Each structure stands twice: as C-alpha cells, then as structure tokens.
Amino acid sequence: MKQEHSFSYELHENWKELPVQDQILVDRAFEAMQAAYAPYSKFKVGASVRLDNDAIVTGSNQENSAYPSGLCAERVVLFHVGANYPKQAVQTLCIVAEGDLIPSEKLLSPCGACRQVMLETENRQNNKIRVIIVNQDNRALIINSVIDLLPFGFSAGY
Ligand code: THU
C-alpha cells in the first residue's frame, strides 16, 4: 500500500524577520560560532539552544587533527545541555555556519549523526524541538520537530 510522508516548514528570506526571541537565539549562535575550532575544514558552525526555562546555551564545532575525533556544533551543545541541565527540555535549536565548504545559497543542513542525537533528545524530553537553520545567505528555515529531519529514525523506543 502506498504511504506518504510530508511536513511543513517556514522559510524566511532573512532571519531578521523572525520574532525577537528567535533573533536573540540566532545572534547567540553567531557569537558562539566565533569559538569554533575548525582549522581543517575551515567551516565554522555555531549552535544555540533555548531551554524551557528560557536560558540559552551555545556550542560550536571542535575539530581535531585525528579527524573523526572532532564534534559538530549541534552535538557539542546538546551533550552540554544533557550533562549540565539534564532536567531542562530543549525548546528551540538554532544552527548557523560560515565557510566555503557549502555555497552560501545552499541549505545548511545538520549531518545524519547530529540528527540522530537531536531525535533522541526530542524523544527523551517528550516535547518537540523547533529547529532554526540560518543559511549563509541569511535565509532562515524553521522546522517544527526533529522527526521531520529524520523520519523513520532509529529509536530506543522512548
Ligand atoms: N559540522 C557541524 O558542526 N555541524 C553540521 O551540521 C555539519 C558539519 C562541522 C563538522 C566539521 O567540523 C565541519 O563542520 C565540516 O564538516
């Protein structure tokens, strides 16, 4: 039997059109991006999350000369939240980046491993995470739930 899966998302021509709370989160992600350690890829990524208590926590990608030892910005920030604010749910996650690896008009999109970690965070807290992706051309995409980024994702059955 044929089945279909679709999802809706928002596309904004410029992230400065977003509600002020989201703009603050984007600003914090750009700020965090400055601390990226990316001498190998020269692709700097910043991530910020707004927790349920409205606190903002940030992270950035951290690379290593033993390449696979590095970690993406999204996992840096989500694992930091898990380790330091285990009782707080993540309300919104914002991702920004800078570098030639991805042409500026192309969608910046989290890697598969980060989607997996984002999905488990969402499942554990039993509450959807909004994801704001800001392209290098300043367009912003808002996705309502991680499940839209990883349908049929592997899950431990939370
Ligand atoms: N990277 C992230 O931090 N997040 C992503 O969503 C994709 C890629 C990092 C990993 C590596 O340090 C650099 O960007 C190039 O892949």
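Residue numbers run from 1 in the order of the sequence given. In each ligand, atom 1 is the first atom listed, and ligand 1 is the first ligand listed. Note that the structure is a prediction, hence the values are computed from the model and not measured.
- Salt-bridge annotation for D22 and R130: present, with a side-chain N of the basic residue lying under 4.0 Å from a carboxylate O of the acidic one.
- Looking from atom 3 (O) of ligand 1 to the surrounding protein, the closest heavy atom is A73 N, 2.9 Å.
- Less than 4.0 angstrom separates some heavy atom of E74 from each of these atoms of ligand 1: 2 (C), 3 (O), 4 (N), 5 (C), 6 (O).
- For the residue pair S48 and R28, no side-chain donor N or O sits within less than 3.5 Å of a side-chain acceptor on the partner.
- R115 approaches L149 most closely through the heavy-atom pair NH1-O, 2.9 Å.
- No side-chain donor-acceptor contact under 3.5 Å links S6 and E4.
- With a 4.0 Å heavy-atom cut-off, ligand 1 is reached by the side chain of L101 but not by its N, CA, C or O.
- Remark: minimum distance from atom 10 (C) of ligand 1 to any protein heavy atom is reached at C72 SG, 3.8 Å.
- Residues N144 and F7 have side chains not in contact (no heavy-atom distance under 4.5 Å, counting atoms from C-beta outward).
- Each of the following atoms of ligand 1 lies closer than 4.0 Å to a heavy atom of E63: 11 (C), 12 (O), 13 (C).
- When the side-chain hydrogen bond (donor to acceptor under 3.5 Å, both in side chains) test is applied to N53, no partner is found at least two apart in sequence or on another chain.
- Residue contacts with ligand 1 include P110, since one of its heavy atoms falls under 4.0 Å from the ligand.
- For ligand 1, the atoms closer than 4.0 angstrom to any heavy atom of N61 are 3 (O), 9 (C), 11 (C), 12 (O), 13 (C), 14 (O).
- For ligand 1, the atoms closer than 4.0 angstrom to any heavy atom of C111 are 6 (O).
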